[in-house]
Protein chains: 2
Amino acid sequence: MSTKNKILDAAELLFADKGFNGTSLREITSLGEVNLAAVNYHFGSKKELIKAVMSRYMNELSPRLESVLNALCQEDTQPSLIEVFSAFIEPLLYLNTFKDNGTSTFLQLLGRGYTDSQGFLRWFLTTQYPEVFTLFTQAVHKAYPELSAEEMFWRLHFTMGTIVFTMSSTDALIGIAENDFERQVDIAGVIKRVIPYVAAGVAAPILI
Amino acid sequence: MSTKNKILDAAELLFADKGFNGTSLREITSLGEVNLAAVNYHFGSKKELIKAVMSRYMNELSPRLESVLNALCQEDTQPSLIEVFSAFIEPLLYLNTFKDNGTSTFLQLLGRGYTDSQGFLRWFLTTQYPEVFTLFTQAVHKAYPELSAEEMFWRLHFTMGTIVFTMSSTDALIGIAENDFERQVDIAGVIKRVIPYVAAGVAAPILI
DNA sequence: GTCGAATTCAAACAGTTGTTTAAAATAGCG
DNA sequence: CGCTATTTTAAACAACTGTTTGAATTCGAC
């Protein structure tokens, strides 16, 4: 395996677990068993490494997301909100075949990115992959045309919050749940549980 | 104003904005215009300072929350979920009279605490203020008795995620919203928008 | 005013951070 | 082989981290 990939693998693991600020380059290079200077040699800086870690996932995810959302938008029949959100399942779970624990890791990274380092990752994603956001908004509008742009703005951000926050603490929550309810839970189970929740939230009656 | 309070005021501002890990003691003492060593003298350590910042809010909030939730639990009639979540509004907004921007700052701190420093704040809150969590669970159960304990566990954590995450990026979101929709938004407005969302989410039909 | 405790202060501590350097090692090609 | 370009390496860099020290100052009670 190339040094570059050793670094990316070690970095994504630590970033997901301890956040971007909370992970040092020495921890990464130590876990990846490469020299400290290799990060700056191959990626230039820590910030560029963070972008590279996210891009590796986004480049797999975004075409698949665009494809399913496009299909939804071009159908003749009106989709339900459940269908819109369910469209995310297959592309997200695909990350598991692309990489061990890929889905969970990616969603944790996403959660980190929104809170760590004052939202620079939010800027990175919305500017680098804007099509996904546009298509998603279109699909929601098709499923729920009565929702005003302003209301949709807030509800989509609430949804983003639910997903991202839940997933960034998935491991802890799954641990508690398995202990309290004595049954096995996995990431796919959590995703399937959260969809009715966010769908109902977005579909909530509009306040007067 | 006492040195202790100068430190607390500066710390909560910076913690809310840049996170606990992202804020150094030198930034705090510089903003508060006190000596660097004062933090360790008055609080012992940075970790204890974080606890003190959170406690100052929780000691105001928790008795008020317990009071309204208790009232809800002891009523004869069954409350709606909207009523349960609306019970949080008054105690939360009270923090605004207690301190400028208190509500927003506290919710941002809460968001930070859940992601920063690997969830030690989650442990701190659930162990130091367990009554609030118990009463909240009871109130939701009264409003929606069909919800199993397991389903409730997940939906309450989804809700926590929505609130905490939204509020931790409130400032950015309010900025975008005011720019895009040309109307003023404040923290009370966001709270009132999020309640129908989380209430509908918790009330979502149970998946089979 | 005097004493003793509480507080403030500048300075230094030891440790970590991301990044850079220049020499050493390796690889690929003619 | 020899030569160049790429990559790896150990070491050092300056800046920053939380914490501690011991002397200087301020304060309140007598």
Side-chain angles (χ1 to χ4, degrees), chain A residues 1-56 109 112-124, chain B residues 1-56 109 112-124:
Chain A
M1 169 145 41
S2 72
T3 302
K4 224 167 165 172
N5 278 325
K6 278 195 214 167
I7 295 174
L8 285 171
D9 287 347
E12 74 168 36
L13 219 70
L14 292 167
F15 283 157
D17 190 36
K18 314 161 51 140
F20 301 114
N21 292 336
T23 304
S24 71
L25 293 185
R26 280 167 182 81
E27 292 178 274
I28 294 170
T29 54
S30 164
L31 177 63
E33 293 176 323
V34 302
N35 187 275
L36 168 62
V39 172
N40 290 280
Y41 177 75
H42 285 284
F43 297 95
S45 69
K46 186 180 179 181
K47 211 161 197 168
E48 289 298 320
L49 171 62
I50 297 176
K51 288 191 197 173
V53 167
M54 293 308 291
S55 293
R56 202 162 55 146
L109 288 171
R112 295 298 182 180
Y114 263 67
T115 47
D116 273 21
S117 52
Q118 290 180 298
F120 114 88
L121 195 60
R122 183 205 307 248
W123 166 86
F124 172 67
Chain B
M1 166 143 48
S2 71
T3 301
K4 225 168 164 169
N5 278 327
K6 279 194 211 166
I7 295 174
L8 286 172
D9 286 348
E12 75 168 37
L13 220 69
L14 292 167
F15 283 157
D17 190 38
K18 314 163 49 142
F20 301 114
N21 292 335
T23 304
S24 72
L25 293 185
R26 280 168 182 81
E27 293 179 271
I28 295 170
T29 54
S30 164
L31 177 63
E33 293 176 323
V34 302
N35 188 273
L36 169 62
V39 172
N40 290 279
Y41 176 76
H42 285 284
F43 297 95
S45 69
K46 186 179 178 182
K47 210 161 197 167
E48 289 299 319
L49 171 62
I50 297 176
K51 288 191 197 173
V53 167
M54 293 309 292
S55 293
R56 201 162 56 144
L109 288 171
R112 295 297 182 181
Y114 263 71
T115 48
D116 272 23
S117 53
Q118 292 182 300
F120 115 87
L121 195 62
R122 182 205 308 249
W123 166 87
F124 172 69

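All chains are named by letter (A, B, ...) in the order of the sequence lines, taking the proteins before the strands, and each is independently numbered beginning at 1. Values reported hereafter were calculated over all heavy atoms of this structure, with side chains retained and with hydrogens, waters and symmetry mates removed.
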Exercise for the section: Starting at atom CG of A:Asn35, determine the distance to atom C1' of C:dT20, rounded to an integer number of angstrom. Expected result: 12 Å
Completion exercise
Whole-Å distance, A:Leu25 CG to D:dA15 P, equals 18 Å
Exercise for the section: Tell me whether the OP1 or OP2 atom of D:dT8 has a side-chain N or O from A:Thr3 closer than 4.0 Å. Expected result: yes
Exercise for the section: Round to a whole Å and report the spacing from CG of B:Asn40 to C1' of C:dT8. Expected result: 14 Å
Problem - Side chain of B:His42 - closest among C:dT8, C:dT21, C:dC9 - result: C:dT8
Problem - Side chain proximity check, A:Lys47 to A:Phe20, heavy atoms < 4.5 angstrom - result: no
Fill in the blank from the handout: Sorted by chain and number, sequence neighbours left out, side-chain contact (heavy atoms from CB on, under 4.5 Å) with B:Ser24 holds for B:Arg26, B:Glu27
Practice task
Compare all side-chain heavy atoms of B:Lys46 with those of B:Ile28 and state whether any distance is below 4.5 angstrom.
Solution key: no
Fill in the blank from the handout: Whole-Å distance, A:Ile7 CD1 to D:dT7 C1', equals 11 Å
Problem - Toward the 5' end of DNA chain C, by each residue's nearest nucleotide, B:Lys4 or A:Gly22 - result: B:Lys4
Exercise for the section: Pick base, sugar-phosphate or nothing for B:Ala38, based on heavy-atom distances below 4.0 Å to the nucleic acid. Expected result: nothing
Handout entry: Integer-rounded Å distance: C:dT7 P and B:Asn5 CG
Key = 13 Å
Handout entry: Residue among B:Thr3, B:Val34, B:Leu25 satisfying side chain to side chain contact (heavy atoms under 4.5 Å, CB included) with B:Val39
Key = B:Leu25
Exercise for the section: Decide yes or no for B:Lys51 and B:Met54: does some side-chain heavy atom of the first lie under 4.5 Å from some side-chain heavy atom of the second? Expected result: no
Exercise for the section: Could you check how far CZ of A:Arg26 sits from C1' of D:dC13, rounded to whole Å? Expected result: 11 Å
Fill in the blank from the handout: Taking for A:Glu27 and for A:Tyr41 the nucleotide of DNA chain C with the nearest heavy atom, the one nearer the 5' end belongs to A:Glu27
Practice task
Could you check whether B:Thr23 gets within reach of a base, just the sugar-phosphate, or nothing at all, counting any heavy atom under 4.0 Å?
Solution key: sugar-phosphate
Exercise for the section: Using atom NZ of B:Lys6 as one end and atom P of C:dT8 as the other, report the distance to the nearest whole Å. Expected result: 8 Å
Handout entry: Rounded distance in Å - CG (B:Leu36) to P (D:dG18)
Key = 9 Å
Practice task
Determine: side-chain N/O of B:Ser24 to OP1/OP2 of D:dC16, distance under 4.0 Å, yes or no.
Solution key: no
Practice task
Take A:Val34 and B:Lys46, find for each the nucleotide of DNA chain D with the closest heavy atom, and name the residue whose nucleotide sits nearer the 5' end.
Solution key: A:Val34
